[in-house]
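Okay, structure first, notes after.
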Number of protein chains: 2
Amino acid sequence: MTSRSRKPVGSREVRPDRGIPEATIARLPIYLRALTGLADRGVTSASSEELAGAAGVNSAKLRKDLSYLGTYGTRGVGYEVSYLRYQIAREIGLTQDWNVVIVGIGNLGLALAKYSGFASRGFCVAALIDTDPSRYGEKVAGLEITPLDQLDRVVAECSISIGVIATPANNAQNVCDRLVAAGVSSILNFAPIVLNVPEGVDVRKVDLSIELQILAYHEQRKANSVVDLEAGAL
Amino acid sequence: MTSRSRKPVGSREVRPDRGIPEATIARLPIYLRALTGLADRGVTSASSEELAGAAGVNSAKLRKDLSYLGTYGTRGVGYEVSYLRYQIAREIGLTQDWNVVIVGIGNLGLALAKYSGFASRGFCVAALIDTDPSRYGEKVAGLEITPLDQLDRVVAECSISIGVIATPANNAQNVCDRLVAAGVSSILNFAPIVLNVPEGVDVRKVDLSIELQILAYHEQRKANSVVDLEAGAL
DNA sequence: ACGATTTTGTTAACGCGTTCACAAACTCCT
DNA sequence: AGGAGTTTGTGAACGCGTTAACAAAATCGT
């Protein structure tokens, strides 16, 4: 809680920056997407109820989330779509573009490299790294596949702060260490392994098998409860 | 807690099934992975501390999580790796295999279809669906790409209960409705959109852009705090 | 046999996130 | 101008999940 004041655009004091709950942060991108969708359909204003509907949350939660950022709505009216969208984008840090390096150009890395959804949201895939010498120089989505040795150089040259690990599990920790050593401080990990990183480095993981397993658990429970019902009906 | 003594294999009463917290469910697959890793390294027994380390959580949480399943440890000793692994697998529902259909064979769908990590965890990609007629019949990972029209038939024939949506956002809700109509009751959604589903259908979402945006937020904050420190040093 | 040591299972405290409910603030209509 | 109607922002209650702490239960050594 630095008591410093900040003046981003039109003199807002006490900077509501600090202390936004993690759960709220995780929802801001969803609100952003919902707002973009509304803007694309020509909607210029929306109530918390409408926005919440589009984002798949309840309106109280949405209002509370937004209240952490500041008071961007108007009572009795709602939120101006484009204004709120800008404020959320600014809060997340999307007023600048972020350069990303993808390490591991297998099936998944390839798909990520080709995915167009990143660019439209302010993320630019700036480099592709692999360890297989037979693939050095190969061009994917306009970028050359580069050896892992050159990670330091590439990260520095392209000002990369976000790394994506799409290698098999057995390489992931090594690649992670290299990324951290090169100065990357945010990592998105697709390898099914728990990464050890030093203080100050953020890791988010995406594990497809885990998601399927969670679904399987619920699926099994649904199946069991049907069995129970039938048994009970006897 | 229940003063019952232990009967590891036959005759389980009062079924400890109900009421496992969602947060715990989401960690069971991680424990499972950690146990598999230990087993592969020849470890036969592990304490909650060791297991927790391998899973990246603290030991109190691990013990509490496991206590929801039953009492599978031995005080003063720890957990038997293979026994606990089986119990967790059973709880999640991995004693059977699950058939999965992937809808949308673009970059991502292709990568998922080829990904070998599913099979090893009890998930079998049984069908590939796309809407592009020019791709019907194309073989990917030993499976033919099938038209969306045939979803009902395929789901029924292959006993598919889990669907993966890897289409662009604009098709996703339509595909989702079709999946539900065909009898699929668990969906893993990669499309950047909030899906509407009826009661009883579970949806989990994976949104790569959202993950990157969350990282960007923290990255921005780290950068800002550096700036603040420097400013404060003046 | 029994005390020392280890480690689980569980209870209680704590903290975070969600939801409710309502006053404050805005618009619109007469 | 002022009352009726909306909708936000938020304080307070609630519930869930995490963590700490410890008694119960096992092993080991003597």
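Basis for what follows: all heavy atoms, side chains included, without hydrogens, waters or symmetry-related copies. In what follows, every chain begins at residue 1, and chains take the letters A, B, ... in the order their sequences are listed.
We find that CD of A/Glu80 is positioned 15 Å from C1' of C/dC26, with the value rounded to whole Å. When rounded to the nearest whole Å, the span between CD1 of A/Ile25 and P of C/dC16 equals 15 Å. Atom NZ of B/Lys64 is separated from atom C1' of C/dT11 by 8 Å (rounded to the nearest Å). Computed from coordinates, the B/Leu66 CG to D/dG17 C1' distance equals 16 Å when rounded to whole Å. When the C1' atom of D/dG17 is taken as reference, atom CD of B/Glu22 falls 12 Å away, rounded to whole Å. Remark: C1' of D/dT19 and CZ of B/Arg63 are 11 Å apart, rounded to the nearest angstrom. Here the P atom of nucleotide C/dA25 and the OH atom of A/Tyr72 are 19 Å apart, to the nearest Å. Taking atom NZ of residue B/Lys61 and atom P of nucleotide C/dC14, one finds them 19 Å apart after rounding to whole Å.
Comparing C/dT18, D/dT19, C/dG17 by their closest approach to the side chain of B/Ala60 singles out D/dT19. Checking C/dT8, D/dG17, C/dT11 against the side-chain heavy atoms of B/Ser47 singles out C/dT8 as nearest.
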**Message:** Is there a side chain to side chain contact (heavy atoms under 4.5 Å, CB included) between B/Leu94 and B/Arg121? Walk through the geometry before answering.
**Reply:** CA-CA 8 Å; B/Leu94 299 185; B/Arg121 288 174 182 86; 5.6 Å; no
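Between the side chains of B/Gln173 and B/Asp177, a donor-acceptor pair is found at a separation under 3.5 Å.
The salt bridge (charged side-chain N to carboxylate O under 4.0 Å, His left out) pairs that include a residue from residues 42-67 of chain B are B/Arg27-B/Asp65, where partners are two or more places apart or lie in different chains.
Looking only at distances, a side-chain donor or acceptor of A/Thr36 sits under 3.5 Å from a matching main-chain atom of A/Leu32. Between the side chain of A/Asn58 and the backbone N or O of A/Leu62 there is no donor-acceptor pair closer than 3.5 Å.
Under the side-chain hydrogen bond (donor to acceptor under 3.5 Å, both in side chains) criterion, B/Asn196 pairs with no residue at all, not counting sequence neighbours.
Using a 4.5 Å heavy-atom cutoff, the side chains of A/Ile187 and A/Ile165 are in contact.
Taking only side-chain nitrogens and oxygens, A/Tyr79 comes nearer than 4.0 Å to OP1 or OP2 of D/dG9. For D/dT8, one of the phosphate oxygens OP1 or OP2 lies less than 4.0 angstrom from a side-chain nitrogen or oxygen of A/Ser48.
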Between the protein and nucleotides 4-6 of chain C, are there any N/O to N/O pairs under 3.5 Å, and if so, what are the atom names and distances?
none

